[in-house]
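Structure, as structure tokens:
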Amino acid sequence: MRKEVSDARRIIGAMPVAPHRPAAIANKIFQGSRAVKLGLLTRESLRSRAWQRLFRDIYADARLERTHKLMCLAVQTFLLPEGAVISGRSAAHLFGVPYVGADDPVEVLAPRKLGPINGVRIHIARIDAADRVVRGRWTLATPLRICWDLACWLDVIEAVVFVDALAGRGLVDHARLVDYAHRRRGARGHARFLKVVELMDAGAESPPETRLRVRLVFAGLPRFVAQYQVIRDGSFVARVDLALPELKIAVEYDGRWHASASQLERDRHRLNRLLGA
């Protein structure tokens, strides 16, 4: 009997203890030092598997999925100083562009020096009231200012990737971007911004397609039309990633999904239709 009790105690002792999550901070982002000061946690329990560290002294319930949006929310709530906004790729992501991951730094535009903060990329520049927008819980740069910042912060090809995506979602267009460029004439980055606007195409559907299109232009080829529909005798033949219609040349980017047998067969029939047209 004693042995059975001892074994039971040993088994119970070996079982992991469910992490304690005070209701006040469960499923939330919070400041670690404040939680300790309020007596919700100890410094030791703060290091338990119940919590995940996002930034210095900023934690979240470990059950929350670690996404770029979560990281932006932590910055917005605890680290963003007065007058600053989220901009660049981070703001584009909050407007619906999916090309940013949890491990990418949160990009912030601030009117004065800030940081450094590990995990946050801080850019110092003036922010006009017209370049700022409150969208729900978020304080963001406007889509036009996001495009300007992307052109200043990224290389031209990567900036075009994000501007294409914003344009494809109807958040910016060529005419509004050109007008914005005129309003910022003489500002640092103006020439790069005009180059990005010249290369943008709202019809683009993926980053690899945009990169390919811009590199073809940089190689000296004519400007390709994105997502061109091939029509023959009034009937739809196929839609191609890039085209020079006057020369009847199509260029396409094939991803891994084209490796399946069924997709290869569909691609073969599609290619035959294109060649026949």
Side-chain angles (χ1 to χ4, degrees), residues 68 87-93 95-101 104 107 143-182 184 189-232 236-259 263-264 266-277:
H68 194 73
S87 189
R89 290 173 294 184
S90 296
H93 184 70
F95 273 106
V97 178
Y99 312 144
V100 189
D104 290 313
E107 296 186 331
L144 290 172
R145 179 57 191 255
I146 293 168
C147 292
W148 177 276
D149 290 339
L150 289 166
C152 293
W153 301 348
L154 304 179
D155 67 66
V156 170
I157 294 177
E158 289 307 301
V160 177
V161 166
F162 281 86
V163 174
D164 278 0
L166 289 167
R169 285 161 175 76
L171 295 165
V172 296
D173 58 41
H174 188 271
R176 282 185 288 169
L177 287 167
V178 169
D179 180 66
Y180 189 78
H182 287 325
R184 294 187 66 97
H190 183 263
R192 283 174 62 86
F193 181 70
L194 284 178
K195 185 65 176 177
V196 170
V197 173
E198 176 191 348
L199 292 166
M200 67 168 285
D201 192 322
E205 292 191 344
S206 71
E209 179 194 310
T210 292
R211 295 180 187 118
L212 175 60
R213 186 188 79 244
V214 176
R215 284 172 181 148
L216 290 172
V217 172
F218 285 174
L221 294 172
R223 176 72 179 261
F224 281 76
V225 178
Q227 300 302 319
Y228 181 77
Q229 290 193 5
V230 179
I231 306 293
R232 185 182 185 187
F236 174 80
V237 176
R239 186 177 65 165
V240 296
D241 291 342
L242 303 168
L244 294 175
E246 65 279 10
L247 299 177
K248 296 187 177 180
I249 293 175
V251 176
E252 300 206 279
Y253 178 89
D254 288 348
R256 291 182 179 179
W257 55 88
H258 290 261
Q263 186 62 54
L264 285 171
R266 288 194 294 271
D267 285 349
R268 188 177 296 112
H269 288 304
R270 180 173 176 276
L271 180 58
N272 288 338
R273 292 197 305 271
L274 280 167
L275 291 173

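Basis for what follows: all heavy atoms, side chains included, without hydrogens, waters or symmetry-related copies. Residue indices begin at 1 and follow the sequence shown.
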With rounding to the nearest 0.5 Å, note down the distance linking [atom1] in [X] to [atom2] in [Y].
{"X": "Arg184", "Y": "Trp148", "atom1": "CZ", "atom2": "CH2", "result": "5.0 Å"}
{"X": "Asp104", "Y": "His93", "atom1": "CG", "atom2": "NE2", "result": "9.5 Å"}
{"X": "Leu242", "Y": "Ile249", "atom1": "CG", "atom2": "CD1", "result": "12.0 Å"}
{"X": "Arg89", "Y": "Glu158", "atom1": "CZ", "atom2": "CD", "result": "8.0 Å"}
{"X": "Glu107", "Y": "His68", "atom1": "CD", "atom2": "NE2", "result": "7.0 Å"}
{"X": "Leu274", "Y": "His269", "atom1": "CG", "atom2": "NE2", "result": "13.5 Å"}

State, yes or no, whether a side-chain contact exists between [X] and [Y] at a heavy-atom distance under 4.5 Å.
{"X": "Val251", "Y": "Asp241", "result": "no"}
{"X": "Val160", "Y": "Arg213", "result": "yes"}
{"X": "Arg232", "Y": "Arg273", "result": "no"}
{"X": "Val100", "Y": "Phe162", "result": "yes"}

Report task. Output yes when a side-chain donor or acceptor of Arg192 lies under 3.5 Å from a complementary backbone atom of Ala151, and no otherwise. Result -> yes

Query raised in the report: Ignoring hydrogens and geometry, is there a side-chain-to-backbone donor-acceptor pair from Arg169 to Gly96 under 3.5 Å?
Result: yes

Query raised in the report: How are the rings of Phe193 and Tyr180 set to each other: parallel, tilted or perpendicular (split at 30° and 60°)?
Result: perpendicular

If you compare all heavy atoms of [X] against all heavy atoms of [Y], which two are closest, and at what distance to 0.1 Å?
{"X": "Tyr99", "Y": "Ser206", "value": "OH-CA, 4.1 Å"}
{"X": "Ile146", "Y": "Ala91", "value": "CD1-CB, 3.4 Å"}
{"X": "Ala226", "Y": "Ala204", "value": "CB-N, 4.1 Å"}
{"X": "Arg211", "Y": "Val161", "value": "CG-CG2, 3.9 Å"}
{"X": "Val240", "Y": "Ala243", "value": "CG2-CB, 3.8 Å"}
{"X": "Ala238", "Y": "Arg270", "value": "CB-NE, 3.9 Å"}

Report task. Any chance you could lay out the side-chain contact (heavy atoms from CB on, under 4.5 Å) test for Val163 and Leu177, step after step, and finish with the verdict? Result -> CA-CA 10 Å; Val163 174; Leu177 287 167; 4.1 Å; yes

Using distance only, find each side-chain donor-acceptor pair of residues 215-223 under 3.5 Å and give its atom names and separation, not counting sequence neighbours.
residue: Arg223; atom: NH1; partner: Glu198; partner atom: O; Å: 2.6
residue: Arg223; atom: NH2; partner: Leu199; partner atom: O; Å: 3.3
residue: Arg223; atom: NH2; partner: Met200; partner atom: O; Å: 2.6

Report summary line: side chain to side chain contact (heavy atoms under 4.5 Å, CB included) test vs Asp164 passes for just one of Val214, Val172, Thr210, Val97, namely Thr210

